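Below is one structure; the comments refer to it alone.
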Amino acid sequence: MTVLQGASVVLGPTLTEDIPALAAIRATPEVRARWRGEDDLEAEIAGDLEDPGTICLTIRYGERIVGMIQWYSEEEPDYRHAGIDLFLDPAVHGRGLGTDAVRTLARHLVDDRGYHRLVIDPAADNAAAIRCYEKVGFRPVGIMRQYERGADGTWHDGLLMDLLAAELRR
């Protein structure tokens, strides 16, 4: 995997030495509310890196690690597509870095990897994430009812969004 250069961010393969910084971001209340996780977030992230079905990329802004973006693929020829997920340090929210990271990865997946369709599935009540993804060209497909269990034990809706290659806002 090569390093991907965005307008402001750089996406590079997540390395073992990135784990402590990523775990600290995952531990922030804003991120933990969406991504949750076990008590040992470093071990959980290390486990994510070992998953052959998920490609993890560290998001850097300048010299600072500000988050992680990951992607997976469905390779069955009749259903081929890729999916994206990410978390970003709340200290840099509102600067367009999430949009830049998603756009940079989406360009790579469409232009270099040949995917014609990408999906992403934010929580239905995560308005900031939805706005971010819409800026890149993702469109709502529909509500996935009771899609994920929240930290409070209740089920919450998710929003399925997709992007066709021709809709990517470069």
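On a predicted model such as this, the values are computed, not experimentally measured, just so you know.
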If every non-hydrogen atom of [X] is compared with every non-hydrogen atom of [Y], which pair is closest and at what distance?
| X | Y | value |
| --- | --- | --- |
| Pro122 | Met161 | CG-SD, 3.9 Å |
| Ala124 | Ile130 | O-CD1, 3.7 Å |
| Pro90 | Val31 | CD-CG2, 3.8 Å |
| Leu88 | Val92 | CG-CG2, 3.9 Å |
| Gly67 | Ile25 | N-CD1, 3.7 Å |

[X] vs [Y] side-chain heavy atoms within contact, under 4.5 Å:
| X | Y | value |
| --- | --- | --- |
| Thr99 | Arg169 | no |
| Glu44 | Trp35 | no |
| Tyr115 | Leu163 | no |
| Leu11 | His108 | no |
| Asp121 | Glu148 | no |
| Ile19 | Leu49 | yes |
| Val102 | Leu86 | yes |
| Ile45 | Glu42 | no |

Ionic contact status for Arg34 with Asp125, cut-off 4.0 Å: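 Judged by the 4.0 Å cut-off on N to carboxylate O distance, Asp125 and Arg34 do form a salt bridge.
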Quick one: do Arg80 and Glu75 make a salt bridge, cutoff under 4.0 Å?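 So Arg80 pairs with Glu75 through a salt bridge.
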Assess whether side-chain contact (heavy atoms from CB on, under 4.5 Å) is satisfied between Asp18 and Arg60, documenting all intermediate values. CA-CA 10 Å; Asp18 299 342; Arg60 285 186 164 73; 2.9 Å; yes
Tell me whether [X] at atom [atom1] has more than 12 heavy atoms from other residues, nucleotides or ligands lying less than 6.0 Å away.
| X | atom1 | result |
| --- | --- | --- |
| Asp78 | CG | yes |
| Arg145 | CZ | no |
| Arg64 | CZ | yes |
| Glu38 | CD | no |

Do [X] and [Y] share a hydrophobic cluster (ILVMFWY, side-chain heavy atoms under 4.5 Å, transitive)?
| X | Y | result |
| --- | --- | --- |
| Leu22 | Leu57 | no |
| Val136 | Ile69 | yes |
| Leu159 | Tyr133 | yes |
| Leu105 | Leu97 | yes |

Go through Asp111 and Arg170 one step at a time and tell me if the side-chain contact (heavy atoms from CB on, under 4.5 Å) criterion holds. CA-CA 11 Å; Asp111 295 346; Arg170 299 174 180 273; 2.8 Å; yes
Looking only at atom types and distance, does a side-chain atom of [X] sit under 3.5 Å from a main-chain N or O of [Y], one as donor and one as acceptor?
| X | Y | result |
| --- | --- | --- |
| Arg26 | Phe87 | no |
| Thr54 | Tyr72 | no |
| Asp162 | Leu118 | no |

Interatomic spacing from [atom1] in [X] to [atom2] in [Y] - rounded to 0.5 Å:
| X | Y | atom1 | atom2 | result |
| --- | --- | --- | --- | --- |
| Leu160 | Ile143 | CG | CD1 | 9.5 Å |
| Leu4 | Ile59 | CG | CD1 | 11.0 Å |
| Asp100 | Tyr61 | CG | OH | 10.0 Å |
| Arg103 | Leu168 | CZ | CG | 7.5 Å |
| Ile120 | Glu134 | CD1 | CD | 11.5 Å |

Verify side-chain contact (heavy atoms from CB on, under 4.5 Å) between Ile84 and Leu109, making sure each step is shown before the conclusion. CA-CA 10 Å; Ile84 299 174; Leu109 294 172; 4.0 Å; yes
